[in-house]
There are 2 protein chains.
Amino acid sequence: MKLGEGVEAAIHCAATLASVAGNSTMPGAALAESFGLSPSYLLKHLNMLSAALILESVPGPAGGYRLARPAERITLLDIVLAVEGREPAFRCGEIRQRGPVKLDASAYVKPCGINTAMLKAERAYRAALAETKLSDIVATYAAEGDPRSLAASCAFVERHQRPQKSS
Amino acid sequence: MKLGEGVEAAIHCAATLASVAGNSTMPGAALAESFGLSPSYLLKHLNMLSAALILESVPGPAGGYRLARPAERITLLDIVLAVEGREPAFRCGEIRQRGPVKLDASAYVKPCGINTAMLKAERAYRAALAETKLSDIVATYAAEGDPRSLAASCAFVERHQRPQKSS
DNA sequence: TTATCGTGGATAATTTTTGTCTGCAATGGG
DNA sequence: CCCATTGCAGACAAAAATTATCCACGATAA
């Protein structure tokens, strides 16, 4: 079991975008620089967040990304599912049917108990992720993060955010 | 997020081994045949289960695998960790430190809040897995599984299990 | 002695992940 | 109108993980 590195990048980017003012945007290149990531690849992940309606994108110069809704209504689950896909981690291959004994398909109408148990655990995982809002992440960072790191982040956002003309 | 196919195989094998009588064993080749898996590859997973002290192996003709302890004391978590490894799915790459602004290491002594939140969700996942015992899987199968499938499984076990001489 | 079995390592095929590059459409500013 | 900047899509390539095969080896029961 392994999560792609894009998840970490996506959450950090979303947290950063949560502190841009109003409807201003921040270019993907700036976000990449902010975390030392390769811009071309990060754009793929930002794109998935856009497709999932977690971010909005504005083209053109002075364009970039911003949150599509308030950070209070974005959960870690939203982000993880957008980047990693919605399929469960455990995919039942129905190997119980692959044996040498061929039974009628009607013998397998009930779902595999192993699959049921694994999916139940995954529901617990997702429920825990859904409990954490992006605003919680930001608030914790503001409250408990190191002041130097906090100041640097604010300065970076201040320097790269771009106000939009019309709302 | 994705679990390897070995997890499904390992759980099915463990469940099968749970119904071999006493200290009898079952060869890995029989388990592979039972689920239509490649024998050479399945052996790797069975080997990991042995290394994790979930299975015991007996060499020689009449050898094979058996549970190392009663199915009541084997959880799905035991099996998943043995096959997939014990590292968490989310690995914090500390990308918060990779930006252009270089801060002193003392600014990052507190763990990343994102990492904390992700690991909390993973604890929920593992807790749910730890709640399901292998005996539960077997019991559910016996109680709710299709009688034809059940009979076929029992016959297969009966045919391939091998009694051991000394306990 | 022999055939069967698990173990471990080497190796390769396949798939996934990660990363790069290019051309394109949108848009704001001169 | 022209140009620079930005997001978007797709082709492509590199790297890593997963899946799979094979063989030599030690153990062991018949």
Side-chain angles (χ1 to χ4, degrees), chain A residues 1-10 13 17 24-33 35-52 54-66 68 83-85 87 89-91 93 95 160-166, chain B residues 1-10 13 17 23-33 35-52 54-66 68 83-85 87 89 91 93 95 160-166:
Chain A
M1 178 151 149
K2 219 185 51 176
L3 256 60
E5 298 184 7
V7 174
E8 185 182 7
C13 287
L17 290 174
S24 298
T25 65
M26 196 165 164
L31 289 166
E33 184 198 352
F35 299 113
L37 301 169
S38 98
S40 343
Y41 191 40
L42 180 63
L43 285 202
K44 300 226 189 249
H45 296 309
L46 294 177
N47 206 345
M48 288 176 172
L49 294 177
S50 294
I54 294 169
L55 301 186
E56 277 176 355
S57 66
V58 177
Y65 294 92
R66 70 183 159 221
V83 174
E84 290 281 315
E87 297 147 28
F90 181 85
R91 295 141 303 164
I95 65 174
H160 287 96
Q161 73 178 358
R162 306 185 171 183
Q164 301 298 307
K165 44 171 45 175
S166 72
Chain B
M1 178 152 146
K2 219 184 54 174
L3 256 61
E5 299 185 5
V7 174
E8 185 183 5
C13 287
L17 290 173
N23 63 351
S24 298
T25 65
M26 196 165 164
L31 288 166
E33 183 199 353
F35 299 113
L37 301 169
S38 98
S40 343
Y41 191 41
L42 179 64
L43 286 202
K44 302 240 185 239
H45 295 309
L46 295 177
N47 209 341
M48 287 176 171
L49 294 177
S50 294
I54 294 169
L55 301 186
E56 276 176 357
S57 66
V58 177
Y65 294 93
R66 71 183 158 221
V83 175
E84 290 281 315
E87 297 146 29
R91 295 141 302 166
I95 65 174
H160 287 96
Q161 73 178 0
R162 306 183 171 185
Q164 301 298 307
K165 46 171 43 176
S166 72

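Here is how names work: the chains are called A, B, and so on, in the same order as the sequence lines, proteins then strands, and each is numbered from 1.
Side-chain contact between Leu17(A) and Leu31(A) is present, with at least one heavy-atom pair separated by less than 4.5 Å. Met26(B) has its side chain out of reach of Cys13(B): every pair of non-hydrogen atoms, C-beta onward, lies at least 4.5 Å apart. In this structure the side chain of Arg91(A) reaches within 4.5 angstrom of the side chain of Lys2(B), judged on heavy atoms.
Across the interface with DNA chain C, nearest-nucleotide mapping of Ala62(A) and Gly6(A) shows Gly6(A) to be the residue nearer the 5′ end.
Taking only side-chain nitrogens and oxygens, Arg162(B) never comes nearer than 4.0 Å to OP1 or OP2 of dA29(D).
Between the axis at the start and the axis at the end of the helix from dT1(C)-dA30(D) to dG30(C)-dC1(D) there is an angle of 10°, using five pairs per end and rounding to 10 degrees.
What separates CE of Met26(A) from C1' of dG7(D) is a distance of 16 Å, to the nearest Å. For the pair Ile95(A) CD1 and dA20(D) C1', the computed distance is 16 Å after rounding to whole Å.
The side-chain contact (heavy atoms from CB on, under 4.5 Å) search around Leu43(B) returns Leu46(B), Tyr65(B), not counting sequence neighbours. For Ala68(B), the side-chain contact (heavy atoms from CB on, under 4.5 Å) test picks out Glu56(B), with sequence neighbours left out. Val58(A) is linked by a side-chain contact (heavy atoms from CB on, under 4.5 Å) to Thr25(A), Arg66(A), Gln164(A), counting only residues two or more places apart in sequence or in another chain. Glu5(A) is linked by a side-chain contact (heavy atoms from CB on, under 4.5 Å) to nothing, counting only residues two or more places apart in sequence or in another chain.
One distance of note links CG of Leu37(B) with NE2 of His45(B); it measures 8.5 Å at 0.5 Å rounding.
Between Pro163(B) and Ser24(B), the shortest heavy-atom distance links the atoms CA-OG, 3.3 Å. Heavy-atom minimum distance, Leu42(B) versus Ala9(B): CD1-CB, 3.9 Å. Across all non-hydrogen atoms, the minimal contact from Ser38(A) to Ala32(A) is C-CB, 4.4 Å.
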List, with names and distances, any nitrogen or oxygen atoms from the protein found under 3.5 Å away from nitrogen or oxygen atoms belonging to nucleotides 25-28 of chain D.
none

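Scanning DNA chain C 5' to 3' for nucleotides with an atom closer than 4.0 angstrom to a non-hydrogen atom of chain A gives a first and last hit of dT18(C) to dG29(C).
Of the residues in residues 38-49 of chain B, those placing a heavy atom less than 4.0 Å from an atom of DNA chain C are Leu43(B), Lys44(B), Asn47(B), in numerical order.
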